[in-house]
*Asks:* 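The following block contains the structure, expressed as structure tokens.
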Amino acid sequence: MSSTEKNNYRTTLNLPDTKFPMRGDLPKREPGWVKGWEDKGIYKKLRAARCDHPKFILHDGPPYANGKLHIGHAANKILKDMIIKARQLAGFDAQYVPGWDCHGLPIENQIEKQFGRNLSRAEVQAKSRVYAAEQIEQQMVDFKRLGVLGNWDNPYKTMNFGNEAGEIRALKKVIERGFVYRGSKPVYWCFDCMSSLAEFEIEYEDKKSQSLDVAFASDDPQALAAAFGLTALPDSSKPAYIVIWTTTAWTIPANQALNAGPQIEYALVDTDKGYLVLASKLVNDCMERYGLQGKVISTTVGSKLENLQFRHPLYDVDAGYKRLSPVYLADYATDEDGTGIVHSAPAYGLDDFYSCTSHGLKNEDILNPVQTNGVYADSLPLFGGLLIWDAVPKILEVLQQAGRLLSTKTISHSYPHCWRHKSPVIYRAAAQWFIRMDQGEGVCTTDKAPYSLREKSLEVIEHTTFYPENGRTRLYDMIAHRPDWCISRQRNWGVPLPFFLHKDTEELHPDTLALIDKAAELVEQGGVEAWSNLDPKEWLGADAENYVKSNDILDVWFDSGTTHYHVLHGSHPESGHDQGPEADLYLEGHDQHRGWFHSSLLTSVAMNARAPYKGLLTHGFTVDGQGRKMSKSLGNIVAPQEISDKLGAEIIRLWVASTDYSGDLGIDDKILARVVDSYRRIRNTLRFMLANTSDFDPITDKVQLHELFEIDQYMLARMAEFQADVLKHYDVYEFHPVVAKLQVFCSEDLGAFYLDVLKDRLYTTAPKSLARRSAQTTLWHLTQAMLRLMAPFLSFTAEEAWAIFAPGQSESVFMEQYWDLPLPSNKEALSVKWKRLQEIRELANKEIELLRETGQVGSSLQANIEITAGADDYGLMHSLGDDLKFVFITSHATLAKGEALSIKVSTSTDAKCERCWHYREEVGHNADHPTLCNRCISNLFGTGEERTYV
């Protein structure tokens with residue numbers, strides 16, 4: 001036979017054909033899909049497709065409008081996008097309104113870096129607004145490039161006039177409920193920010209400090225002796241001291257009291273330095289630290305020391321320190337370390353503040369020499385004008401010279417830092433506005449809540465679903481132990497606390513609530529700048545002479561923490577939940593237990609006695625392949641823009657989907673290489689399915705369920721089983737098990753079994769035969785299901801394939817819902833039967849492979865297989881008749897009944913059919929077609945071969 005005739009036989013095969021390329025060429029082609037979604041208005045069309053369906057609301061936690069996106073941003077937004085798309089495909093009206101946090105220090109700091117710190121308030125606000133808008137435009141482009149679908153035409157921005165006004169209205173509601181008060185007490189203070197900080201803005205890092213033991217001389221040695229049950233000190237010429245231990249030498253100048261534990265046993269120790277009061281448990285440690293020999297002459301309990309007076313350690317050095325420090329009883333004084341006595345500077349510690357004020361110290365009498373920039377006021381004796389950190393060596397020197405420094409040592413300890421500047425912060429007393437966590441009185445209360453904010457918040461946490469569950473304990477503990485929330489900041493770029501304070505009494509104007517309403521209306525028209533520009537006389541008239549307009553702004557966490565109030569039910573009413581006021585889900589990194597989750601919970605509970613969310617999902621941080629935090633110094637930063645340009649955003653999406661986000665998300669070149677390999681396997685499987693249904697029209701060619709071959713019916717049941725498994729994972733926002741199972745399904749259920757078995761039927765039977773159309777019908781159903789299941793994470797690929805696979809069905813795969821697969825009534829029995837057949841097939845493949853390794857056979861079609869099987873297995877295989885050979889992809893298969901399963905494989909001695917490659921005895925017997933087997937001759941020129949099951 002001539003080569004031309006041979007080629008003609010090849011043209012008779014139904015070889016796969018598709019416009020879906022083998023190579024994704026993702027970096028070049030993805031931008032076209034992004035543009036296509038935008039040009040077609042796909043997001044709006046998705047909304048129209050679900051307008052009458054139940055809503056699913058994932059409220060976006062706003063990233064700062066500051067800087068380029070990093071891989072953590074990408075992971076966060078892609079995870080949100082996958083959840084939204086999975087819910088959309090489940091039939092929900094799954095809206096996504098992306099948001100941005102536009103106020104606060106991150107942006108104001110950038111303006112200061114560019115233009116300096118001497119700008120006017122108006123200049124800072126104007127430049128900050130422009131800067132934030134520029135950053136949003138840049139970030140939006142990058143988010144879209146990642147395949148994230150959302151309401152990009154109308155995102156929410158906390159600096160939108162309407163949202164700024166909404167925040168003021170939210171503040172009013174919190175005030176009316178009785179939670180807001182003004183107080184002067186220590187709050188976290190950053191010298192770089194020159195503002196107070198919230199709990200959420202603090203992180204702990206190691207810091208080197210000087211620990212020091214300082215002696216306070218007794219002002220009344222006789223009273224001290226009496227406290228220890230003595231009529232007098234044994235040697236009246238010896239001084240007596242109480243000793244404190246601290247790591248904050250800079251607070252010593254502001255000392256105003258001492259604290260002792262009421263139940264702690266204290267010892268009076270006779271030493272060469274004088275009599276020392278120390279906790280009994282710590283005497284030996286202290287003597288060793290001081291290099292002294294000491295003898296305990298008496299003991300007492302802390303309650304006996306109450307109200308004893310001791311002199312400031314610099315009492316005799318400068319008249320400015322000639323004051324006494326009383327001993328107060330406090331449970332936070334322990335004998336676990338130090339000396340058992342705590343020195344109290346009420347301006348610089350909450351415990352100290354409460355201890356002193358509860359014993360009658362008035363706010364106006366609290367010493368607070370540290371200014372907003374961390375420098376001591378010039379009026380402070382000895383140390384005025386020094387930065388507190390720089391003052392420490394001098395403080396130690398003066399104490400040493402005064403004979404009051406018993407010991408000092410450099411230590412490294414965990415210390416609070418500003419999470420923006422990474423600089424150490426202090427507690428510093430300042431007049432601030434607070435949200436009260438526990439019962440108490442607030443300002444302007446008109447609708448007082450019948451609960452404390454702490455108790456109610458803890459209660460609603462119990463009714464919130466957490467993903468993962470350990471988030472519940474984390475948030476609960478943070479709410480249980482947090483102090484009152486300081487919501488005021490002394491900065492320029494933010495939403496104002498629209499208050500007027502009396503110049504003398506500092507009381508709020510009696511019409512404050514009405515003035516807040518006016519402020520909201522003013523800001524709604526002109527932004528926060530309108531408040532800054534307001535002349536109080538316009539509203540207060542002559543009374544303006546008695547009042548000062550507040551220049552404080554709200555904590556930026558109040559900005560983002562109240563977005564549920566004005567975004568879900570104000571600026572974006574279409575995103576409101578028609579089945580209840582809460583969003584279905586909030587999703588952020590696990591650090592937001594102390595951030596956005598936290599502030600949103602408190603504001604919502606304060607206003608509405610409920611959480612703003614039904615569920616909270618947290619993910620880990622992005623790290624490199626070794627689990628290290630990404631940093632420029634390590635050179636391990638992975639930029640999402642670079643990955644998109646090199647490999648495609650689809651690879652980032654698949655990386656996010658395949659990673660267990662409950663822990664940290666590791667990424668590096670090796671990890672991405674594995675993701676690329678996984679993507680290729682999935683794409684190749686999809687391409688095979690598309691290529692073999694390219695000539696299939698479901699309207700004219702679809703085979704009814706009862707007519708499908710048995711193996712095809714089984715695969716529909718198997719796909720339904722797989723789909724149900726995937727949807728269970730999607731219901732609880734899990735993706736990495738889906739990716740893992742999809743790869744197994746593609747490689748084992750499809751590639752290694754069904755598609756492998758199917759090739760012969762697809763390629764060799766008549767194009768329109770029942771055998772081929774049954775296979776194509778099944779592939780069509782499988783592809784319908786598979787494209788929808790993979791679309792949440794492989795969005796570009798699914799959309800690309802959808803346009804080829806179902807050009808007339810709908811404009812986007814995301815307008816569809818999960819496929820309703822037709823299922824045979826005996827699906828359970830089929831599943832049991834064919835899973836067992838697959839097991840037997842794997843055993844047979846191992847035997848064939850042994851022959852292949854020795855070169856006795858090439859492909860499995862060159863092998864003959866003889867099977868002996870027990871009754872059950874025999875029945876399964878016998879039911880397939882002559883189709884059994886197609887299961888094993890062998891040219892011949894014989895079956896016999898026996899005691900146990902055994903498989904014998906031999907090499908076929910028959911000739912090979914040129915068209916189907918089966919080895920058949922009859923090849924060469926037909927004079928017209930001497931190179932073909934009978935089944936190929938029948939398929940080409942006759943009625944077609946008889947097949948029923950496979």
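The figures here come from the full heavy-atom set of this structure, side chains too, leaving out hydrogens, waters and symmetry mates.
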*Asks:* Between the main-chain N or O of Phe597 and the side-chain N or O of Ser600, is there a donor-acceptor pair closer than 3.5 Å?
*Replies:*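 No: the side chain of Ser600 does not pair with the backbone of Phe597.
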
*Asks:* Only one of Ile435, Ile479, Ile487 passes side chain to side chain contact (heavy atoms under 4.5 Å, CB included) with Leu602; say which it is.
*Replies:*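 Between Leu602 and the candidates, side chain to side chain contact (heavy atoms under 4.5 Å, CB included) is satisfied uniquely by Ile479.
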
*Asks:* Would you please classify the geometry between the Tyr376 ring and the Phe383 ring as parallel, tilted or perpendicular, with 30° and 60° separating the classes?
*Replies:*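 The arrangement is tilted - the two ring planes meet at 30° to 60°.
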
*Asks:* Is any side-chain N of the basic residue among Arg182 and Glu506 closer than 4.0 Å to the acidic one's carboxylate O?
*Replies:*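 A salt bridge is present here (some side-chain N lies under 4.0 Å from a carboxylate O).
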
*Asks:* Does a salt bridge link Glu441 with Arg436, judged by any charged N lying under 4.0 Å from a carboxylate O?
*Replies:*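 Arg436 and Glu441: not salt-bridged.
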
*Asks:* Decide whether Glu205 and Ser414 meet the rule of one side-chain donor and one side-chain acceptor closer than 3.5 Å.
*Replies:*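 Per modelled atom types, Glu205 and Ser414 side chains form no pair under 3.5 Å.
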
*Asks:* Is any side-chain heavy atom of Tyr613 closer than 4.5 Å to one of Glu582?
*Replies:*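 Side-chain contact under 4.5 Å: no.
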
*Asks:* Which atom pair, heavy atoms only, marks the closest approach of Leu508 to Thr512?
*Replies:*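 Smallest heavy-atom distance, with atoms named: CB-OG1, 3.4 Å.
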
*Asks:* Salt bridge check: are Arg169 and Glu524 linked by an N-O gap of less than 4.0 Å?
*Replies:*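 Answer for the salt bridge query: yes.
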
*Asks:* Strictly below 4.0 Å, N to O, side chains only: are Lys456 and Glu459 in salt-bridge contact?
*Replies:*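 Looking at Lys456 and Glu459, the cut-off is met.
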
*Asks:* Do the side chains of Cys486 and Trp433 get nearer than 4.5 Å, heavy atoms only?
*Replies:*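 Sidechains of Cys486 and Trp433: no contact.
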
*Asks:* Are the side chains of Pro536 and Tyr547 in contact, using a 4.5 Å heavy-atom criterion?
*Replies:*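 No, their side chains stay 4.5 Å or more apart.
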
*Asks:* Would you mind reporting whether Trp250 and Leu387 have side-chain heavy atoms less than 4.5 Å apart?
*Replies:*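 No. Closest side-chain heavy atoms not under 4.5 Å.
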
*Asks:* Taking only Lys NZ, Arg NE, NH1 and NH2, and the carboxylate oxygens of Asp or Glu, determine whether Arg489 and Asp552 approach each other closer than 4.0 Å.
*Replies:*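 Between Asp552 and Arg489 there is no salt bridge, as every charged N stays at least 4.0 Å from the carboxylate O atoms.
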
*Asks:* Check whether any side-chain heavy atom of His509 sits under 4.5 Å from a side-chain heavy atom of Phe499, and report yes or no.
*Replies:*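 With C-beta onward as the side chain, the pair stays apart.
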
*Asks:* So, are Arg129 and Glu529 salt-bridged, with charged N and O less than 4.0 Å apart?
*Replies:*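 A salt bridge links Arg129 with Glu529.
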
*Asks:* Just verifying a value: how many Å separate Lys518 NZ and Trp531 CH2, rounded to the nearest 0.5 Å?
*Replies:*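 The NZ atom of Lys518 sits 10.0 Å away from the CH2 atom of Trp531.
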
*Asks:* How long is the gap from CG on Asp192 to CG on Asn373, to the nearest 0.5 Å?
*Replies:*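 The distance works out to 10.5 Å.
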
*Asks:* Is the closest side-chain heavy-atom distance between Ser355 and Tyr332 below 4.5 Å?
*Replies:*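 Answer yes - side chains close enough.
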
*Asks:* Closest heavy-atom contact between Pro63 and Gly99?
*Replies:*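 Of all heavy-atom pairs spanning Pro63 and Gly99, the closest is CD-O, 3.1 Å.
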
*Asks:* Once the angle between the rings of Phe179 and Tyr451 is folded into 0 to 90°, is it parallel (under 30°), tilted (30 to 60°) or perpendicular (over 60°)?
*Replies:*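 Ring orientation, 0 to 90° scale: tilted.
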
*Asks:* Please step through side-chain hydrogen bond (donor to acceptor under 3.5 Å, both in side chains) for the pair Asp484 and Tyr181, ending with a clear verdict.
*Replies:* CA-CA 10 Å; Asp484 290 351; Tyr181 72 96; 2.5 Å; yes

*Asks:* Would the distance check show the side chain of Glu306 and the main-chain N or O of Pro326 forming a donor-acceptor pair, the cut-off being under 3.5 Å?
*Replies:*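 No; judged by distance alone, with no hydrogens or angles, the pair does not exist.
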
*Asks:* Report the distance from atom CE of Met159 to atom NE2 of His103, rounding to the nearest 0.5 Å.
*Replies:*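 One gets 7.5 Å once the value is rounded to the nearest 0.5 Å.
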
*Asks:* How many angstroms lie between atom CG of Leu382 and atom CG of Asp318, to the nearest 0.5 angstrom?
*Replies:*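 Rounded to the nearest 0.5 Å, the CG-CG separation comes to 4.5 Å.
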
*Asks:* Can you confirm if the NZ or CZ of Lys322 lies within 45° of the ring axis of Tyr315 and under 6.0 Å from the centre of its six-membered ring?
*Replies:*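 Flagged: Lys322 positioned over aromatic ring of Tyr315.
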
*Asks:* Before we go on, tell me: are the rings of Tyr427 and Trp189 under 6.0 Å apart, centre to centre?
*Replies:*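 Between Tyr427 and Trp189, the centre distance exceeds or equals 6.0 Å.
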
*Asks:* Take Glu112 and Arg491 through the salt bridge (Lys or Arg N to Asp or Glu O under 4.0 Å) test and state the conclusion after the steps.
*Replies:* CA-CA 12 Å; Glu112 288 182 354; Arg491 301 296 292 188; 2.7 Å; yes

*Asks:* Are any of the side-chain nitrogens in Glu123 or Lys127 under 4.0 Å away from the carboxylate oxygens of its partner?
*Replies:*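 A salt bridge is absent here (no side-chain N lies under 4.0 Å from a carboxylate O).
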
*Asks:* Taking the six-membered ring for Trp and the full ring for Phe, Tyr or His, determine whether the centres of Tyr156 and His59 are under 6.0 Å apart.
*Replies:*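 Close enough - the centres of the two rings lie under 6.0 Å apart.
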
